[in-house]
Engineer: 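Below: one structure in structure tokens.
Residue numbers run from 1 in the order of the sequence given.
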Amino acid sequence: MTLQNKVIVITGASSGMGAATTKKAVAKGAKVVIGARNEEKLKAIADSTENPANVVYQKTDVTNLEDVKALVKTAVDKFEKVDIIYNNAGIMPQDKLVDSDPESWKAMFNTNVIGVLNGIKATLPTMQKQGKGLIMATDSVAGHVVYPGSAVYNSTKFAVRAIMEGLRQEEHGNGIKTGIVSPGAVNTNLVSTIGNKQIKDAIAKMSQDSNMALSAEDVANSAIFMMEQPDNVNMNEILVRPTGQSI
């Protein structure tokens, strides 16, 4: 199935997996509306696609529901529909619970969980009127297994799994599909959001080994594959790890 003339909203699109997915979607003929907090980076991503005329960018803070509603409204105003929203924005400050900063807990839940809920809330009315649509989120292997130094991040990603399954059960009768992409280690600037230097350095070093870390493009390929499924196929989850990853 092609993405020709599909209208896709992507958050967290200024770098990493969001940027890679944007480029691949545009190359497949989609019209893409992208949001993130850094407008300058969004413009650079839009300009770097195969067809910049098919990309609209807008400064968006996913923790602010009105921002996300405005992003979705832009898609509807410009392209008259929203076929897919990919809630991709996320951060991952990591540390042992005894050492972790309570402010980082709030930041993670606001971005990783509330950000996804805001994307759902902003898009559902349009998709219900359309009688179809796909709501996606970036989850993580960390939403499937727990490991030391990551309990709070793990909990945000477990929450996303629960939210998206609840959404599936509530909305499948309205023709609305749901899906999560759960990558393992990925070589993106998400590593820069890790607070603990020891954990950050270890993950950064591992990310240089292609057998131990996926590229942003690897994950984007999975997201695009989910997007390309026909209306009668609801691919709820893709779990993708680098070959060398043990957990």
Engineer: Please lay out, stage by stage, how Asn87 and Thr138 fare under the test side-chain contact (heavy atoms from CB on, under 4.5 Å).
Structural biologist: CA-CA 6 Å; Asn87 298 291; Thr138 297; over 6 Å; no

Engineer: Do Met226 and Ile224 pass the side-chain contact (heavy atoms from CB on, under 4.5 Å) test, and can you show the C-alpha distance, the side-chain angles, and the key distance before you say yes or no?
Structural biologist: CA-CA 5 Å; Met226 182 176 284; Ile224 294 293; over 6 Å; no

Engineer: Taking all non-hydrogen atoms of both residues into account, name the closest pair between Pro125 and Lys121 and its distance.
Structural biologist: CD-O, 3.4 Å

Engineer: Enter the distance from Leu134:CG to Lys132:NZ here, rounded to the nearest 0.5 Å.
Structural biologist: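 One gets 11.5 Å once the value is rounded to the nearest 0.5 Å.
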
Engineer: What are the two closest heavy atoms between Ala19 and Ser14, and how far apart are they?
Structural biologist: CB-C, 4.3 Å

Engineer: With rounding to the nearest 0.5 Å, note down the distance linking NZ in Lys69 to OG1 in Thr126.
Structural biologist: 11.0 Å

Engineer: Assess the side chains of Asp218 and Ser215: does a donor N or O sit below 3.5 Å from an acceptor N or O?
Structural biologist: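 Per modelled atom types, Asp218 and Ser215 side chains form a pair under 3.5 Å.
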
Engineer: If I take atom NZ from residue Lys73 and atom NZ from residue Lys78, how far apart are they, to the nearest 0.5 angstrom?
Structural biologist: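 So the NZ of Lys73 and the NZ of Lys78 are separated by 13.5 Å.
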
Engineer: For a quick test of reading the model, state the closest non-hydrogen atom pair linking Lys31 to Asn5 and the distance between them.
Structural biologist: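 Scanning both residues, the minimum pair turns out to be NZ-OD1, 2.8 Å.
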
Engineer: Could you tell me whether the side chain of Thr123 and the main chain of Ile120 form a donor-acceptor pair under 3.5 Å?
Structural biologist: no

Engineer: Please report the shortest heavy-atom distance between Arg241 and Ile247, naming the atom on each side.
Structural biologist: NE-O, 2.7 Å

Engineer: What distance separates Lys177 NZ from Ile84 CD1, expressed to the nearest 0.5 Å?
Structural biologist: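 Those atoms lie 7.5 Å apart.
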
Engineer: Under a 4.0 Å N-O cut-off, is there an ion pair linking Glu217 with Lys24?
Structural biologist: no

Engineer: Of all residues at least two apart in sequence or in a different chain, which pass the salt bridge (charged side-chain N to carboxylate O under 4.0 Å, His left out) check with Lys129?
Structural biologist: none

Engineer: Kindly work out whether a path of hydrophobic side-chain contacts (I/L/V/M/F/W/Y, heavy atoms less than 4.5 Å apart) joins Leu117 to Val72.
Structural biologist: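 Leu117 clusters together with Val72.
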
Engineer: Is there a side-chain contact (heavy atoms from CB on, under 4.5 Å) between Asn234 and Gln229 once you walk through the steps?
Structural biologist: CA-CA 7 Å; Asn234 189 3; Gln229 299 307 305; over 6 Å; no

Engineer: Indicate the atoms forming the closest heavy-atom contact of Ala13 with Ile45, along with that distance.
Structural biologist: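 That closest heavy-atom pairing would be O-CG1, 3.8 Å.
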
Engineer: Would you find a donor on one side and an acceptor on the other, under 3.5 Å apart, between the side chain of Thr11 and the backbone of Asn88?
Structural biologist: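 Checked: pair present.
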
Engineer: Going by heavy atoms in the side chains, are Met164 and Gln169 under 4.5 Å from each other?
Structural biologist: no

Engineer: Would Val76 and Val68 show up in the same hydrophobic cluster when neighbours are defined by side-chain heavy atoms closer than 4.5 Å?
Structural biologist: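 Hydrophobic grouping puts Val76 apart from Val68.
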
Engineer: Does OH belonging to Tyr147 count more than 12 external heavy atoms closer than 6.0 Å?
Structural biologist: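 Count over threshold, so yes.
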
Engineer: Any salt bridge linking Lys157 with Asp139? Criterion: basic side-chain nitrogen under 4.0 Å from a carboxylate oxygen.
Structural biologist: no

Engineer: Membership question, hydrophobic clusters at under 4.5 Å side-chain separation (ILVMFWY): are Ile163 and Val62 in the same one?
Structural biologist: no

Engineer: If we ignore hydrogens and angles and just use 3.5 Å, is the side chain of Asp47 paired with the main-chain N or O of Pro52 as donor and acceptor?
Structural biologist: no

Engineer: Is the backbone of Met108 close enough, under 3.5 Å, to the side chain of Thr111 for a donor and an acceptor to pair up by distance?
Structural biologist: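 No, the answer is negative, given that no donor and acceptor are paired below the 3.5 Å cut-off.
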
Engineer: Can a donor-acceptor pair be found, under 3.5 Å and without considering hydrogens, that links the side chain of Thr21 to the backbone of Gly18?
Structural biologist: no

Engineer: State, to 0.1 Å, how close Gly29 and Asn54 come at their nearest heavy-atom pair, and which atoms those are.
Structural biologist: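 For Gly29 versus Asn54, the nearest heavy atoms are O-ND2, 4.5 Å.
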
Engineer: Which value, rounded to the nearest 0.5 Å, describes the distance between Asn110 atom CG and Thr156 atom OG1?
Structural biologist: 11.0 Å

Engineer: Is there a donor-acceptor contact under 3.5 Å from the side chain of Asp67 to the main chain of Asp61?
Structural biologist: yes

Engineer: Is the backbone N or O of Gln58 less than 3.5 Å from a side-chain atom of Thr60, with the two atoms forming a donor-acceptor pair by type?
Structural biologist: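 Yes; at least one donor-acceptor contact below 3.5 Å.
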
Engineer: Quiz question: by atom type and distance under 3.5 Å, do the side chains of Ser100 and Asp95 form a donor-acceptor pair?
Structural biologist: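 Note: Ser100 and Asp95 side chains miss the donor-acceptor criterion.
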
Engineer: Are side-chain heavy atoms of Ser140 and Tyr153 found at a separation under 4.5 Å?
Structural biologist: yes

Engineer: Within the supplied structure, the quantity of interest is the number of heavy atoms (other residues, nucleotides, ligands) at a distance under 6.0 Å from Gln4 CD; does it exceed 12?
Structural biologist: yes

Engineer: Is it possible for you to say whether Ile135 and Leu71 belong to one hydrophobic cluster, with membership spreading through side-chain heavy-atom contacts below 4.5 Å?
Structural biologist: yes

Engineer: State, yes or no, whether a side-chain contact exists between Val33 and Tyr57 at a heavy-atom distance under 4.5 Å.
Structural biologist: no

Engineer: With a cut-off of 6.0 Å (strictly less than), are more than 12 heavy atoms of other residues, nucleotides or ligands near CZ of Arg161?
Structural biologist: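 Result for CZ/Arg161: enclosed.
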
Engineer: So, the side chain of Asn64 versus the backbone of Glu66: is there a donor-acceptor pair under 3.5 Å, distance only?
Structural biologist: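 Indeed, once roles are kept as given, a pair shorter than 3.5 Å links the two residues.
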
Engineer: Between Asn154 and Gly143, is there a donor-acceptor pair closer than 3.5 Å when you use the side chain of the first and the backbone of the second?
Structural biologist: no

Engineer: Could you tell me whether Glu40 and Lys43 have a side-chain N and a carboxylate O separated by less than 4.0 Å?
Structural biologist: no

Engineer: Just do the side-chain contact (heavy atoms from CB on, under 4.5 Å) check on Thr178 and Glu171 with the steps written out, would you?
Structural biologist: CA-CA 9 Å; Thr178 68; Glu171 296 295 334; 5.8 Å; no

Engineer: Any non-hydrogen side-chain atom of Val32 less than 4.5 Å from a side-chain atom of Ile10?
Structural biologist: yes

Engineer: Is a side-chain donor or acceptor of Gln245 paired with a backbone partner of Ala185 at a separation under 3.5 angstrom?
Structural biologist: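 Flag set: sc Gln245 to bb Ala185 pair under 3.5 Å.
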
Engineer: Side-chain heavy atoms under 4.5 angstrom apart, residues restricted to Ile, Leu, Val, Met, Phe, Trp, Tyr: same cluster for Met92 and Ile180?
Structural biologist: yes

Engineer: About how many Å separate CD of Glu228 and CE of Met235, when rounded to the nearest 0.5 Å?
Structural biologist: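 With rounding to 0.5 Å, CE (Met235) is 10.5 Å from CD (Glu228).
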
Engineer: More than 12 heavy atoms of other residues, nucleotides or ligands under 6.0 Å from NZ of Lys81: is that the case?
Structural biologist: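 Atom NZ in Lys81 is packed in, count exceeds 12.
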
Engineer: Which residues, ordered by chain and number, are linked to Phe158 in its hydrophobic cluster, where ILVMFWY side chains connect at heavy-atom gaps below 4.5 Å, directly or through other members?
Structural biologist: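 Other cluster members: Val146.
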
